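The next block holds one structure in the form of structure tokens; read it before the comments.
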There are 2 protein chains.
Amino acid sequence: MITISMNSPVPLHDQIVDQLRRLLATGGLTVGDELPPVRQLAGDLGINLNTVARAYRELTDAGLLASARGRGTVVIATVEAGAEIRQAQRDQIENHIGSAMADAKLAGCGPEETRAMIQRQIARLWGEDQRFPEIAR
Amino acid sequence: MITISMNSPVPLHDQIVDQLRRLLATGGLTVGDELPPVRQLAGDLGINLNTVARAYRELTDAGLLASARGRGTVVIATVEAGAEIRQAQRDQIENHIGSAMADAKLAGCGPEETRAMIQRQIARLWGEDQRFPEIAR
DNA sequence: TGACATTGTATCAAAGACTGATACATTGAG
DNA sequence: CTCAATGTATCAGTCTTTGATACAATGTCA
């Protein structure tokens with residue numbers, strides 16, 4: 001469900017938060033779903049339970065999860081598309097996308113290969129049936 | 001030329017390295033170009049010169065830049081597309097792209113808006129004239 | 001009801017990374 | 001030769017991250 005990289009410069013709890021947010025955004029996690037106990041997930045990942053607890057707490061503070069002693073952690077909200085976007089945030093996101101695609105080019109991916117990656121991700125995120133007849137300018 | 005964010009969890013020198021690599025991959029920097037002196041860039045960004053020097057050194061170690069006391073830092077190599085890609089690296093890149101696009105959806109971007117972002121980035125990376133007649137599956 | 005396993009939370013310490021201040025070494029210009 | 005410009009090295013301070021451990025709350029089962 002979650003994978004982490006010990007080599008990455010991004011902290012472990014941030015990696016977990018990012019992936020959970022991604023699952024919440026893509027439908028991999030929906031309201032009512034229970035998350036694995038901190039000890040279990042920490043054990044699976046081979047890290048300390050505090051690190052997982054911290055990730056859960058950050059999302060709890062964000063209003064996406066709810067935790068209670070003895071009862072576990074559940075999803076109470078998911079982020080739905082259509083929310084208001086600030087321009088600064090939009091620029092940051094486009095920058096992030098551009099950075100990822102630059103990495104692809106940097107690693108030797110050609111445009112066709114990159115396009116295939118994007119296609120897969122679009123299908124995964126917005127549904128298999130979503131079609132984009134053309135993306136030419 | 002370079003912008004940094006003090007709020008980001010990613011270290012300053014990593015931010016600089018990422019953006020420089022991106023410039024090297026996109027043609028914003030080519031062989032022979034001189035980089036700003038560490039003191040100047042550090043001053044512009046409002047950070048310590050060591051942080052910039054570290055970023056330069058990392059790229060120097062990677063063989064992309066060359067630095068010399070008193071003479072400055074110049075680009076000696078750029079990364080060209082077509083290099084061999086390992087599968088693990090490819091998966092990581094696709095994961096990165098997917099993460100960026102998930103962020104977009106998370107922030108409320110619809111598929112059309114995301115597609116527009118991608119379109120701009122493709123044009124920027126692989127040239128204005130590059131066309132992608134369709135990206136449907 | 002009471003004991004106990006399960007789960008999240010809090011506290012504290014250690015280790016490491018990042019950033020910065022400062023001094024040093026090299027190059028080139030005048 | 002002098003000196004400004006530039007990259008490099010060293011050291012210290014501060015913060016973050018991670019982990020070990022103990023605590024608190026909830027639910028289950030005898």
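As the structure is a computational prediction, the values presented were derived from the model and not from experiment. We name chains A, B, ... by the order of the sequence lines, and we start the count at 1 in each one.
Taking CG of B/L35 as the reference point, atom CD of B/Q40 lies at 10.5 Å (rounded to 0.5 Å).
The CG atom of B/L41 sits 17 Å away from the P atom of D/dA5 (whole-angstrom rounding). The interatomic distance linking B/L59 (CG) with D/dG7 (P) rounds to 14 Å, in whole Å. Rounding to whole angstrom units, CG of residue B/L12 and P of D/dC15 are separated by 15 Å. Distance, B/L65 CG to D/dG7 P: 11 Å, rounded to whole Å. In this structure, CG of A/N48 is placed 14 Å from C1' of C/dA15, rounded to the nearest angstrom. Look at CZ on B/R69: it is 21 Å from P on D/dC3, rounded to the nearest Å. The nearest whole Å value for the distance from the CE atom in A/M6 to the C1' atom in D/dT18 is 9 Å. Atom CD of A/E34 and atom P of C/dT6 are 15 Å apart (whole Å).
Residues A/V10 and A/S8 approach most closely at CG1-OG, 2.5 Å, considering heavy atoms.
Between B/I93 and A/T114 the shortest side-chain heavy-atom distance does not fall below 4.5 Å. Contact check for A/V52 versus A/R39: no side-chain heavy atoms found under the 4.5 Å cut-off.
Closest-nucleotide positions on DNA chain D for A/H13 and A/A68 were compared, and the one nearer the 5' end corresponds to A/H13. Both B/R54 and B/L49 lie near DNA chain C, and the one whose nearest nucleotide falls closer to the 5' end is B/R54. Judged by closest nucleotide on DNA chain C, A/R57 is the one of A/R57 and A/P9 placed further toward the 5' end.
Not counting sequence neighbours, B/R71 has no partner by the salt bridge (Lys or Arg N to Asp or Glu O under 4.0 Å) test.
Closest to the side chain of A/R71, from the set D/dG27, D/dT6, C/dA10, is D/dG27. Side-chain proximity of A/P37 to C/dT19, D/dT18, C/dT7: nearest is C/dT7. Comparing C/dT9, D/dG19, C/dT22 by their nearest atom to the side chain of A/I47 picks out D/dG19. Side-chain proximity of A/R39 to the nucleotides D/dG19, C/dT9, C/dA23 is greatest for C/dT9. The nucleotide whose nearest atom lies closest to any side-chain atom of A/N50 is, among D/dG19, C/dC18, D/dT18, D/dG19.
In terms of phosphate contacts, A/T51 brings a side-chain nitrogen or oxygen within less than 4.0 Å of OP1 or OP2 of D/dG19. An OP1 or OP2 oxygen of C/dT7 is reached within less than 4.0 angstrom by no side-chain nitrogen or oxygen of A/T73.
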